[in-house]
Amino acid sequence: MTQEGLPIIISAPSGAGKTTLCQALRKRLPDLNFSVSHTTRAPRKNEQDGVDYHYISKEKFLEMVDNGEFLEWAKIHGNYYGTSRKNIEDTLQKGKDLVLELDVQGVEALRTLKYQGVFIFVLPPSMEELEKRLAGRGTEPDNQIKQRLEVGKKEIAKSHLYDYAVTNVNIDESVETILSIIRAEKKRMNRYQPDCPEIRKIIESGNS
Ligand code: 5GP
C-alpha cells in the first residue's frame, strides 16, 4: 500500500516573500509537487498557463464552483482562486507530497473541513519591513500598498489557524526551516508505515 502524500499548506501576507520562498523550495526539492490553482486573474508577465495557474473565465470558474470541483475557493483582491479537488487527490494518492499556496480564507475553509495537512504561515520580521518589501517590488500603486498592509494585519491576526510560523528574514534560512518542518511531519507516528511487514504487524497488534 502506498502511503498518501502530505499536503503542505503555505500562506503569507502579501509581500512577506512566499512566492520567492516557494521558488527556492522548488529548487531545493525538485521532486516536491506544487498544486496549480485555477484563477480568473490575468496572467502576469513570465507566468504560464498550466504552470503558475490555470487561467479561466469567471463563468467557467463559477460553473466549477456549482459542480463542486473545488476543495476550497476564495475571492482575493477582486479575483477568484480555487483548488481543484481532483488534481490534488490524484497527486496525494500516488504518495507524493504537495504544496498548496493558499490565502488565509482558503486555510479557514480547510480547517472547517478538518482537512489533514501541515499548515505553515510565513510572517515578515516586522510591519515596517513588510511595507518596505511591498513598496520595493513596485507592482502596486501607493494606495494599494496601504490596502494590502491592512489586509495583512487581519491575516496575521488569524495566525492561530496554522501549525507553524516561519519568520522570513532570509530566504535560505526560511527554506531550511520549512524543510525541517516537512521532514519532522513525515516522521509523525500516525503517518508511520514501516517497510518491514513484521514490524507493521507488531505495531498493528498494539493498536487493537
Ligand atoms: P497571486 O495573485 O499573487 O498569485 O495570489 C494572490 C493570493 O491568492 C496568494 O495569497 C495566493 O497564495 C492565493 N491563492 C492562490 N491560489 C489559491 C487557491 O487556490 N485558493 C486560495 N484560497 N488562495 C489561493
Side-chain angles (χ1 to χ4, degrees), residues 7-26 32-58 60-92 98-115 117-124 130 133-141 144-145 147-159 161-162 164-166 168 171 174 178:
I8 303 148
I9 296 98
I10 305 184
S11 310
S14 182
K18 174 165 58 70
T19 306
T20 317
L21 191 55
C22 286
Q23 279 165 357
L25 196 59
R26 245 178 235 257
L32 191 61
N33 291 268
F34 282 74
S35 164
V36 181
S37 295
H38 286 70
T39 185
T40 60
R41 91 149 158 70
R44 296 187 184 121
K45 250 202 276 168
N46 304 329
E47 283 185 344
Q48 246 180 297
D49 189 27
V51 176
D52 297 286
Y53 285 102
H54 298 289
Y55 300 94
I56 57 172
S57 66
K58 189 175 160 192
K60 173 74 186 154
F61 192 97
L62 295 176
E63 193 185 306
M64 288 178 75
V65 171
D66 283 346
N67 292 339
E69 290 182 50
F70 292 123
L71 172 67
E72 64 73 42
W73 62 273
K75 194 172 182 188
I76 306 161
H77 308 304
N79 293 303
Y80 292 95
Y81 295 78
T83 308
S84 148
R85 218 180 271 281
K86 188 175 178 312
N87 288 357
I88 63 166
E89 279 170 8
D90 285 352
T91 307
L92 294 172
L98 179 68
V99 173
L100 292 103
E101 296 173 57
L102 302 182
D103 84 320
V104 177
Q105 299 175 69
V107 168
E108 275 181 313
L110 293 188
R111 287 301 202 189
T112 305
L113 293 170
K114 303 216 180 314
Y115 192 75
V118 48
F119 292 75
I120 303 173
F121 199 35
V122 177
L123 292 139
L130 185 64
R133 289 183 191 172
L134 273 170
R137 71 183 190 184
T139 43
E140 284 87 18
Q144 274 190 31
I145 291 176
Q147 197 189 329
R148 286 194 180 222
L149 277 173
E150 285 314 307
V151 173
K153 275 186 201 163
K154 290 192 182 125
E155 290 175 335
I156 294 171
K158 299 217 167 152
S159 300
L161 290 168
Y162 295 83
Y164 295 95
V166 177
N168 186 26
I171 293 288
S174 300
I178 291 177

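Throughout, numbering of the chain's residues begins at 1 and tracks the sequence. Hydrogens, waters and symmetry mates are skipped; everything else that's a heavy atom, side chains included, is used. Atoms within a ligand are numbered from 1 in the order they appear, just like the ligands themselves.
In this structure, Arg44 has a heavy atom closer than 4.0 Å to ligand 1. The shortest separation from a heavy atom of Tyr53 to ligand 1 is under 4.0 Å, placing the residue in contact. Every heavy atom of Gln105 sits 4.0 Å or more from the atoms of ligand 1.
Contacts with ligand 1 closer than 4.0 Å are made by no heavy atom of His77, backbone or side chain. At a heavy-atom cutoff of 4.0 Å, ligand 1 is contacted by the side chain of Arg41 but not by its backbone. The proximity of Glu155 to ligand 1, defined as any non-hydrogen pair under 4.0 Å, does not occur for either the backbone or the side chain.
Looking only at protein heavy atoms, the nearest one to atom 19 (O) of ligand 1 is Ser37 OG, 2.7 Å. For atom 20 (N) of ligand 1, the closest non-hydrogen atom on the protein side is Glu72 OE2, 2.7 Å. At the top of the distance list for atom 14 (N) of ligand 1, counting protein heavy atoms only, stands Glu101 O, 3.5 Å. Of the protein's non-hydrogen atoms, the one nearest atom 2 (O) of ligand 1 is Tyr81 OH, 2.5 Å. Shortest contact from atom 9 (C) of ligand 1 to any protein heavy atom: Lys18 NZ, 3.8 Å.
Distances below 4.0 Å separate heavy atoms of Gly106 from the following atoms of ligand 1: 22 (N). Distances below 4.0 Å separate heavy atoms of Ala74 from the following atoms of ligand 1: 22 (N). Here is the list of ligand 1 atoms found below 4.0 Å of a heavy atom in Gly82: 18 (C), 19 (O).
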| field | Chi angles and distances behind the side chain to side chain donor-acceptor pair (under 3.5 Å) call for Glu72, Thr83 | value | CA-CA 6 Å; Glu72 64 73 42; Thr83 308; 2.5 Å; yes

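Judged by a 6.0 Å distance limit and a 45° cone about the ring axis, Arg111 is positioned over the six-membered ring of Phe119.
For Phe61 and Tyr81, the distance between ring centers is not under 6.0 angstrom. For an aromatic pair to be called close, the ring centres must be under 6.0 Å apart, and Phe70 with His38 satisfies this.
Comparing Ile76, Leu110, Asp103, Leu102 by heavy-atom distance to atom 22 (N) of ligand 1, the nearest is Asp103.
Side-chain contact, Asn168 with Ser174: a donor N or O sits under 3.5 Å from an acceptor N or O.
For the residue pair Glu155 and Ala12, the shortest heavy atom distance occurs at OE1-O, 4.1 Å.
Here the rule is side chain to side chain contact (heavy atoms under 4.5 Å, CB included) with Ile8, and of Leu98, Val118, Asn33 only Val118 fits it.
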